[in-house]
Protein chains: 2
Amino acid sequence: MVTIKDIAREVGVSPSTVSRALSNSPLISQATKERVHTVAKQLGYERNELARALVKGSSEAIGLVVPDITNPFFADIARGVGEVAHAFGYGVILCNTAESLERGLNYIRLLRRKRVDGLIITNAIRNDPVAKQLVGSKTPFILVSQLWEGIETPYVTGDDHYGARQAVEHLIALGHKRIGFIGGPAAVQSSNDRMQTYRNVLQKHGITPQEEWIRYADFTQRAGREAGRRMLSLTVRPTAIFAANDVIALGVLEAAEDLGLSVPKDLSIVGYDDISYASLPRIQLTTVAQPAFEMGKIATDWLISTISGQGRDFLHRVLKPHLVVRCTTSKPSP
Amino acid sequence: MVTIKDIAREVGVSPSTVSRALSNSPLISQATKERVHTVAKQLGYERNELARALVKGSSEAIGLVVPDITNPFFADIARGVGEVAHAFGYGVILCNTAESLERGLNYIRLLRRKRVDGLIITNAIRNDPVAKQLVGSKTPFILVSQLWEGIETPYVTGDDHYGARQAVEHLIALGHKRIGFIGGPAAVQSSNDRMQTYRNVLQKHGITPQEEWIRYADFTQRAGREAGRRMLSLTVRPTAIFAANDVIALGVLEAAEDLGLSVPKDLSIVGYDDISYASLPRIQLTTVAQPAFEMGKIATDWLISTISGQGRDFLHRVLKPHLVVRCTTSKPSP
DNA sequence: TTGTAGGCGTTATCAA
DNA sequence: TTGATAACGCCTACAA
């Protein structure tokens, strides 16, 4: 690898002159700059960002931790993050925890060791020393679509209570009384919030769901399918299911198909997120839309401006989702 | 940030002793090791990987460049890469080019400046100096589901000719004669290969497609929908469309719906990749399956073993895809 | 306008 | 078993 010393030797100046020329310092004469640049190009010089970051104390990189990159919701957040980061000259190190809490913690530690300038976190966390340490540290970070119980952090999230209320009230308005819920892992706050609101809204309408109609799954299609199959095989089965995200909802759709139930005639389904596949013609999933791409952008904007010291306060941004009624919900058949 | 010097001072030993203790060198006494470790933990020490990488000449990180992370095909590759990288203690820096050739080149340069130990590239590239430079360099890299015209590189890819032949012959066997093709951007080799084979197979069967039945789009649902709408609005329209990937195919499905055409009665559709959404009950897309996750794993395995000097030769791995016949293809209606 | 020297946080070599 | 010392490649006072 060619270094500034090589260039210096070749051009016949000192390394510091090369360094300055390369970073376009006004102190350097036009002539030397040109010579330095041509030699640099000629030798195929690429500046060592590791060394640079070490001395500048800043790596121009941010870390992004997601639980499942194959979920379009997180892929869209990642796209938003990348878009803004790229515009500001920042790199993004993306880590996929595959829904493992432990891996999430490992990645957070790894990213901090790599001295990223900031962190965007979309996965749940146990009340763990690593989290405490992160909060206590100087590394700025922000949560997206996620809250950590009992820990004060900046965040960009959707209003899960509002969204869940829209979903459940829609089902009730259609006349459903037997409404099930399939949530994500218990550690995920947003899933819990949606569940809580589901319970509250039902209660407000004088409906008490059977406990077998409330299930937790992983946030995957397969888990949704299994949970759905089980719930729909009960002797008294719900006429509608509210799923904590679209991926689960699509799994439930599969389960219905497996059991020969027709949607929405025999079963209404509402998802959450409005991933792009939810609007496919044959799918037409009724769901609660969240602006994932936007959330990624907002979080990154805040993070980068915080990194560069234009410290706006803690960001607490709650975006209102909205219900998109498509074709997987209808009146329950009598 | 606390450094080994801080620990050294606290424990009352030299920084080198701390360094050795922390990396569990056999030279250090058990007693000192323990003292060092407890003080390190107590002070919340996190080793600076930047400094470490600088002296070791290796960052334990690999770069991954993808054209579109929201395409489940690439998300799955990314998952495979992450899985293996993680197992070997490597980090992954993921860069999303948003289908821009230029951004792709920028990212490759950026990753090299960050001194990643290796590169996994899934995007197309113009015959560019950056590519030449990469090939001439010591940085190991491998292409996944991609070939660079006229440049000799390691790669893991699917057999696009074989896959496309399965697809087109399936349509011909069903009795189709008016078969269209919607490809990705012209710079993408795999898309071109599929197109070439499409032409060849038709020709072999004595069929000459109208030129309006061959279109290029971006590898996105929206582009597929638009291209599909245009093609299906022709006065003489194809009875079947072979799309260069599933995302485009889903767009074509939307287009058909838009125009009131029923699939597969009025139009058969074959995709490519078999992303997870292709098998949804209501979609049931006939497609050519490629093992994306596997491809990511294979590439990363090779890359890391090459990095660590167990240099197997250039990897040229071609995986055979297979046709999955579902419900978007049938005999053309008379 | 340029050069010298010191330091960023590690690891590695050589002595002790 | 431990400690100095010199790198790694770059940046930046301070001097010239």
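A, B, ... follow the sequence lines: proteins, then strands. Residue 1 opens every chain. Given the structure is predicted, the values throughout are model-derived calculations rather than measurements.
With a 4.5 Å cut-off on side-chain heavy atoms, A:Leu105 and A:Glu102 do not count as touching. At least one side-chain heavy atom of B:Lys33 sits under 4.5 Å from a side-chain heavy atom of B:Asn24. When side chains are defined from C-beta on, B:Ser308 does not count as touching B:Phe88, because their heavy atoms never get closer than 4.5 Å. Side-chain contact between B:Thr32 and B:Arg35 is present, with heavy atoms from C-beta onward closer than 4.5 Å. In this structure the side chain of B:Asp117 reaches within 4.5 angstrom of the side chain of B:Ser58, judged on heavy atoms. Residues A:Asp218 and A:Pro185 form a side-chain contact, since some pair of their non-hydrogen atoms from C-beta on lies under 4.5 Å apart.
For the segment residues 36-49 of chain B, residues with any heavy atom less than 4.0 angstrom from an atom of DNA chain C are, sorted by number, B:Tyr45, B:Arg47, B:Asn48. Across residues 21-33 of chain B, not one residue has a non-hydrogen atom less than 4.0 Å from an atom of DNA chain C. Within residues 4-11 of chain B, the residues having any heavy atom under 4.0 Å from DNA chain C are, by residue number, B:Ile4, B:Lys5. Remark: A:Ser16, A:Ser19, A:Arg20 in residues 13-20 of chain A come within less than 4.0 Å of DNA chain D through at least one heavy atom.
The distance between atom CZ of A:Arg115 and atom C1' of C:dC8, rounded to the nearest whole Å, is 11 Å. For the pair A:Lys56 NZ and C:dG7 P, the interatomic distance rounds to 19 Å; values are reported in whole Å.
Counting all heavy atoms, side chain and backbone alike, A:Gly158 lies closest to A:Gln290 at CA-OE1, 3.5 Å. Nearest heavy atom pair, residue A:Leu54 against residue B:Leu54, reads CD2-CD2, 3.7 Å. Between A:Ala78 and A:Ile69, the closest heavy-atom pair is CB-CD1, 4.2 Å. In plain terms, the two heavy atoms of B:Asp76 and B:Ala292 that are nearest each other are CB-CB, 3.7 Å. Summarising the geometry of A:Ala53 relative to A:Ser59, their closest heavy-atom pair is CB-CA, 3.7 Å, with the distance given to 0.1 Å.
Within a 6.0 Å sphere centred on CZ of B:Arg317, heavy atoms belonging to other residues, nucleotides or ligands number 12 at most.
Along DNA chain D, the stretch of nucleotides lying under 4.0 Å from any heavy atom of chain B spans, 5' to 3', D:dT1 to D:dG9.
Ring pair A:Tyr107/B:His86 is tilted by interplanar angle, where 30° to 60° counts as tilted.
In this structure, a donor-acceptor pair under 3.5 Å is absent between the side chains of A:Thr70 and B:Arg79.
B:Phe293 is linked by a ring pair (Phe, Tyr, Trp, His ring centres under 6.0 Å) to nothing, counting only residues two or more places apart in sequence or in another chain.
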